[in-house]
2 protein chains.
Amino acid sequence: MNQQLQGMTDEQAVEIFKALSNQTRVNILQMLKNPNVHFGTQAHIVKEEGFEGGICVSDIRSKTGISQSTTSQYLAILQQSGLLETKRIGQWTYYRRNEETIRQFEQYIRERL
Amino acid sequence: MNQQLQGMTDEQAVEIFKALSNQTRVNILQMLKNPNVHFGTQAHIVKEEGFEGGICVSDIRSKTGISQSTTSQYLAILQQSGLLETKRIGQWTYYRRNEETIRQFEQYIRERL
DNA sequence: TAGAGATATCGAAATTTCTCGATATCTAAA
DNA sequence: TTTAGATATCGAGAAATTTCGATATCTCTA
């Protein structure tokens, strides 16, 4: 049975709940929903290289009020849960939402919770 | 602006994420979705007093493999987050899902996350 | 190849969560 | 009113999370 039919496991869902059990991490996910609104024209929003909408760590940090190391860790937690995807381009690491996981998470809540 | 239009706050949603960041508590919420399936005919499923579908703490405990005190605490966490509602009838405390909160939570995930 | 900027990782202290057994409280029944 | 059963609360030790500053690593450029 393939992943499309199977959907998300309970374990994956609990990892996502853990990732979201922190207001700052929820805020990060929400800000990345509309990068153009939350990050100004001076921000480095990726428009090429097949990673459109990606925002670099320091731009995200400047919106959160937490330290650089905590920002990096929070982004790793969100990425490991599947909610974000990441790509290194040059010296920057860009993060953006993984809409496919978010869609599966919505489906889990709707059908399995 | 009333609650219906306003929807759930970020703070309420984070409380729910915390409540669900534990596999046993997720299991409890899932079992309460279909009490007749998960709790046998010997279970005390409320059918009167306006609290249909409610299950008492000891029946829930017998399905979870955790201690009585932990079961009681987990149910309190779920109730305080709004996911469960509770009613004392005689010497039993019954818990059941609060489908209205769950619906608002689904809406939050869909529209705000 | 040395330096600067961006990000990741490490180590640690403070706080929170997990989970239990013991005990207290509440209710019905003898 | 004493007892028994159901549930809640308390106190505590172990584990996990939070969050930081310091430091390491990576990449571009001088």
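Order of the sequence lines sets the chain letters (A, B, ...), proteins ahead of strands, with each chain counted from 1. Quantities reported herein were computed from a predicted structural model and do not represent experimental measurements.
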Original post:
Has B:T70 got a side-chain N or O lying under 4.0 Å from the OP1 or OP2 atom of C:dT19?
Top reply: no

Subject >> Closest to side chain of B:S58, choosing from C:dC10, C:dT7, D:dA6 >> reply: D:dA6

Original post:
Only one of B:F51, B:Y95, B:F39, B:W92 clears ring-ring contact (aromatic ring centres under 6.0 Å, His included) with B:H44; which?
Top reply: B:W92

Subject >> Selected nucleotide, minimal atom distance to B:Y95 side chain, candidates D:dA8, C:dA8, D:dT17 >> reply: D:dA8

**OP:** Give a yes or no on whether a salt bridge exists between A:R103 and A:E106, defined as a side-chain N under 4.0 angstrom from a carboxylate O.
**Re:** no

**OP:** Taking all heavy atoms of A:E85 and all of A:R97, pick out the closest pair and write down the distance.
**Re:** OE2-O, 3.6 Å

**OP:** Look at B:S67 and C:dG21 and indicate whether a side-chain polar atom (N or O) is within less than 4.0 Å of OP1 or OP2.
**Re:** no

Original post:
Cut-off 3.5 Å, side chains only: do B:S72 and B:S69 have a donor facing an acceptor?
Top reply: no

Original post:
Separation of A:F17 atom CZ from D:dA16 atom P, in whole Å?
Top reply: 21 Å

**OP:** For B:Q80 and C:dT17, give me the distance from atom CD to atom P, rounded to whole Å.
**Re:** 12 Å

Subject >> DNA chain D: 5'-proximal contact among A:S69 and B:Q73 (nearest heavy atom) >> reply: B:Q73

Subject >> Atom-pair distance (CD1 on B:I77; P on D:dT7), nearest Å >> reply: 18 Å

Subject >> Distance in angstrom units between A:N27 CG and D:dT18 C1', rounded >> reply: 16 Å

Original post:
Of the nucleotides D:dG21, C:dC18, C:dA8, which one has an atom closest to the side chain of B:R25?
Top reply: C:dC18

Subject >> Any A:N22 side-chain nitrogen or oxygen under 4.0 Å from OP1 or OP2 of D:dT17 >> reply: no

Original post:
Which is it for A:Q30 and B:D10 under the side chain to side chain donor-acceptor pair (under 3.5 Å) test, yes or no, and what are the steps along the way?
Top reply: CA-CA 10 Å; A:Q30 289 173 327; B:D10 288 328; 3.1 Å; yes

Original post:
What's the closest nucleotide to the B:R88 side chain, out of C:dT27, C:dC10, D:dC10?
Top reply: C:dT27

Subject >> 5' precedence on DNA chain D between B:Q68 and A:Q68 (nearest-nucleotide basis) >> reply: B:Q68

Subject >> Atom-pair distance (NE2 on B:H44; P on D:dA6), nearest Å >> reply: 8 Å

Original post:
From C:dA8, C:dT9, C:dA28, pick the nucleotide closest to the side chain of B:Q91?
Top reply: C:dA28

**OP:** In whole angstrom, give the distance that lies between atom NZ of B:K18 and atom P of D:dT17.
**Re:** 13 Å

**OP:** May I have the distance from A:L75 (atom CG) to C:dT9 (atom P), rounded to whole angstrom?
**Re:** 12 Å

